[in-house]
Amino acid sequence: MSKKIASIRGMNDILPEQSALWQWLESRVKNVLASYGYQEIRMPVVEHTELFKRSIGEVTDIVEKEMYTFDDRNGDSLTLRPEGTASCVRACEQHGLLFNQVQRLWYLGPMFRHERPQAGRYRQFHQIGVETFGMDGPDIDAEVILLTARLWRELGLSGRVRLELNSLGSSEDRARYRDALVVYLSAHEDRLDEDSKRRLARNPLRVLDAKDAGTREVLKDAPLLTEYLSDDAREHFEGLRAILDRAGVEYQINPALVRGLDYYGKTVFEWITDDLGAQGTVCAGGRYDGLVEQLGGRSTPAVGFAMGIERLILLLEQQMPELPTPADIYVVSVAENGAEKITALMLAESLRDTLAGIRVQCHCGGGGLKAQMKKADRSGARFTLILGEDEIAAKTVSVKDMRGIIEQQQVAQAALADWLAAHFVSGEVNG
Ligand code: HAM
């Protein structure tokens, strides 16, 4: 036998037993997004490498170490998208969706980062992202946060995630702060971990993110970004906090929250859970008013976020909501006689025609009654319809309630749709 080929490390198959939960999650998120009037945008998964370098920043972990970059057959450098914001800005600018307009957009799809795989961290992962354009006030920052808070309620996750907020100020505020931070950290350089020493030289704000205990000790007395905010940035942040307070959304200010992508300014936020170990950030985002211009467009205010679907799935699996099984009705037909098979398939077709939304699985491929009933059981169907020679002759069907509440009975084929409709009330049986 030849050797089997396995999937790439950190890139996962989502199997049928898992996909029901993915669909459940996605449909709830889509409903919430629709309830705020957001529209979907779909972008390619491959872009010019330059796009990510110019937006995420040359001196970030993503661009320095994590991108899947390759030359295509024309010799162009392309990259599998590590995130969606840059692509979304590129697409909107390319198609004239930004100038003098307001956009509220969302996307869903795979992203790629060559990180060290572990639970909650993968090389291909999926994000649902939101990007808004053309609105500069704190009201839209609040709206995207309220949208996420509503989503946690919808998913039953409210008690398991907490919101951290920070303001990074304007780019001028950050430049002044960066200078002060470099002066302070340089004076304590010998106490910093190696990674932070490297960051100090190239992207000092990222030192604030350090996990190393020694570095964290040094950071305790470091100057705070909040002390360097301009009046405009401070007012924006206070405006956002006032709305969140009024709406009853709890948050913690985290002055060390700087995010790993360079395009942010003013508001940044993360929703964090303590139930997933080190990979606790399930949703993250912020304002990026400079990015459109940085990518060649006209200055356009923007704010957005993205959530990691795999991490939300891990949380949901821990509390497992009731999931739909694949079928409501399972049809078995026993004899080898061809007419029975055809009757079974046609009966299933007519039920799908008549009963909107009903999910019917028709047994295919033969097998004895016992084996077919086992399959019916596994399908999770509430009712099994049995078609034998007697039923065919009498134009009836035997209906078996798989939960055993209603006694098995013969129902005329012509009356079957009505019988089922009468016994299902929004998927539940009323008889
Ligand atoms: P990010 O913080 O890089 O931001 O990623 C957002 C979320 O994607 C994370 O909070 C996490 O849930 C998930 N995620 C990131 N990397 C992985 C991974 N390797 N495995 C599993 N999940 C992961 C962004 O991507 C920004 N584009 C968000 C944004 C949109 N900001 C403004 N608009």
Side-chain angles (χ1 to χ4, degrees), residues 29-30 33 37-115 123-136 140-141 144 147 168 171 203 259-268 283-309:
V29 181
K30 286 177 190 174
L33 290 164
Y38 284 59
Q39 292 177 294
E40 185 181 9
I41 181 166
R42 301 186 188 196
M43 298 86 66
V45 291
V46 185
E47 299 271 3
H48 291 290
T49 303
E50 190 59 21
L51 175 69
F52 301 116
K53 285 194 176 167
R54 263 168 64 185
S55 51
I56 297 168
E58 298 260 6
V59 190
T60 55
D61 284 352
I62 296 180
V63 170
E64 280 188 334
K65 308 192 270 210
E66 297 170 0
M67 294 207 300
Y68 281 91
T69 297
F70 58 96
D71 286 344
D72 79 352
R73 288 173 192 274
N74 303 328
D76 294 334
S77 178
L78 306 182
T79 294
L80 295 184
R81 61 179 184 193
E83 59 110 46
T85 309
S87 302
C88 188
V89 170
R90 196 263 318 131
C92 288
E93 186 54 30
Q94 186 172 334
H95 300 285
L97 302 186
L98 297 183
F99 183 58
N100 259 347
Q101 293 167 73
V102 160
Q103 297 289 350
R104 287 177 163 88
L105 305 172
W106 66 268
Y107 49 84
L108 181 164
M111 308 291 160
F112 303 85
R113 296 184 195 175
H114 196 273
E115 296 190 80
R123 290 180 172 171
Q124 174 174 326
F125 60 98
H126 297 76
Q127 284 185 346
I128 298 177
V130 154
E131 313 294 352
T132 70
F133 298 100
M135 294 163 277
D136 59 7
I140 186 67
D141 303 28
V144 298
L147 186 158
L168 300 181
S171 49
N203 195 350
R259 311 274 300 121
L261 306 93
D262 280 354
Y263 48 64
Y264 293 109
K266 290 187 176 165
T267 311
V268 287
C283 174
R287 187 164 271 284
Y288 52 96
D289 293 344
L291 184 58
V292 176
E293 198 171 8
Q294 211 172 301
L295 291 175
R298 282 182 233 225
S299 173
T300 306
V303 57
F305 65 81
M307 49 196 148
I309 302 186

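This chain uses plain numbering: 1 for the first residue, then up along the sequence.
In this structure, D72 contributes its side chain and N74 its backbone to a donor-acceptor pair below 3.5 Å. No donor-acceptor pair under 3.5 Å is formed between the side chain of D136 and the backbone N or O of P301.
Atom CZ in R123 sits 10.0 Å away from atom CD in E66 (nearest 0.5 Å). Taken to the nearest 0.5 Å, the CD atom of Q94 stands 12.0 Å off from the CG atom of L295. Going from atom CZ of R104 over to atom CZ of F133 covers 12.5 Å, rounded to the nearest 0.5 Å. Going from atom OH of Y264 over to atom CZ of R259 covers 4.0 Å, rounded to the nearest 0.5 Å. Atoms OH and CZ, from Y107 and R42 in turn, are 14.5 Å apart once rounded to the nearest 0.5 Å. Distance check, rounded to the nearest 0.5 Å: OG of S299 to CG of D289 gives 7.0 Å.
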- [ ] Show your working on side-chain contact (heavy atoms from CB on, under 4.5 Å) between V303 and M135 and close with a plain yes or no.
- [x] CA-CA 8 Å; V303 57; M135 294 163 277; over 6 Å; no

TODO: Mind running side-chain contact (heavy atoms from CB on, under 4.5 Å) on L168 and K266 for me, showing each step along the way?
DONE: CA-CA 5 Å; L168 300 181; K266 290 187 176 165; over 6 Å; no

Task: Working for salt bridge (Lys or Arg N to Asp or Glu O under 4.0 Å), residues R298 and E293 - done: CA-CA 5 Å; R298 282 182 233 225; E293 198 171 8; over 6 Å; no

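Every residue was checked against the side-chain hydrogen bond (donor to acceptor under 3.5 Å, both in side chains) condition with R73, not counting sequence neighbours, and none meets it. For Y263, the side-chain hydrogen bond (donor to acceptor under 3.5 Å, both in side chains) partners at least two apart in sequence or on another chain are E83, T85.
Residues F112 and M67 are not in side-chain contact: their nearest non-hydrogen atoms beyond the backbone lie 4.5 Å or more apart. With contacts defined as side-chain heavy-atom distances shorter than 4.5 Å, the pair V130/L33 qualifies. Taking the side chain as every heavy atom from C-beta outward, V29 and M307 approach each other to under 4.5 Å. Between F99 and E93 the shortest side-chain heavy-atom distance does not fall below 4.5 Å. Under the 4.5 Å side-chain criterion, counting only non-hydrogen atoms from C-beta, R81 is not in contact with V46. Y38 has its side chain within reach of T132: a pair of non-hydrogen atoms, C-beta onward, lies under 4.5 Å apart. Looking at heavy atoms from C-beta onward, R287 lies in side-chain contact with I140 at the 4.5 angstrom threshold. Put simply, the side chain of C92 reaches to within 4.5 Å of the side chain of L105, judged on heavy atoms.
For D141 and T267, the side-chain atoms include at least one donor-acceptor pair closer than 3.5 Å. If you check the side chains of E131 and Y288, you find a donor sitting under 3.5 Å from an acceptor.
Among all heavy-atom pairs drawn from M111 and P82, the shortest one is CB-O, 3.7 Å. Of all the heavy atoms in G96 and Q101, the pair that sits closest is O-NE2, 2.9 Å. Across M43 and A91, no two heavy atoms sit closer than the pair CG-CB, 4.1 Å. In terms of heavy atoms, L261 sits closest to T60 at CA-CG2, 4.5 Å. Summarising the geometry of I41 relative to C88, their closest heavy-atom pair is CG2-SG, 4.1 Å, with the distance given to 0.1 Å.
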Donor-acceptor contacts, no H, no angles, side chain residues 49-57, under 3.5 Å, sequence neighbours left out:
{"unit_1": "T49", "atom_1": "OG1", "unit_2": "S77", "atom_2": "O", "d": "3.0"}
{"unit_1": "T49", "atom_1": "OG1", "unit_2": "S77", "atom_2": "OG", "d": "2.7"}
{"unit_1": "T49", "atom_1": "OG1", "unit_2": "L78", "atom_2": "N", "d": "3.3"}
{"unit_1": "T49", "atom_1": "OG1", "unit_2": "L78", "atom_2": "O", "d": "3.3"}
{"unit_1": "T49", "atom_1": "OG1", "unit_2": "T79", "atom_2": "OG1", "d": "2.8"}
{"unit_1": "R54", "atom_1": "NH2", "unit_2": "Q294", "atom_2": "O", "d": "3.3"}
{"unit_1": "S55", "atom_1": "OG", "unit_2": "L51", "atom_2": "O", "d": "2.6"}

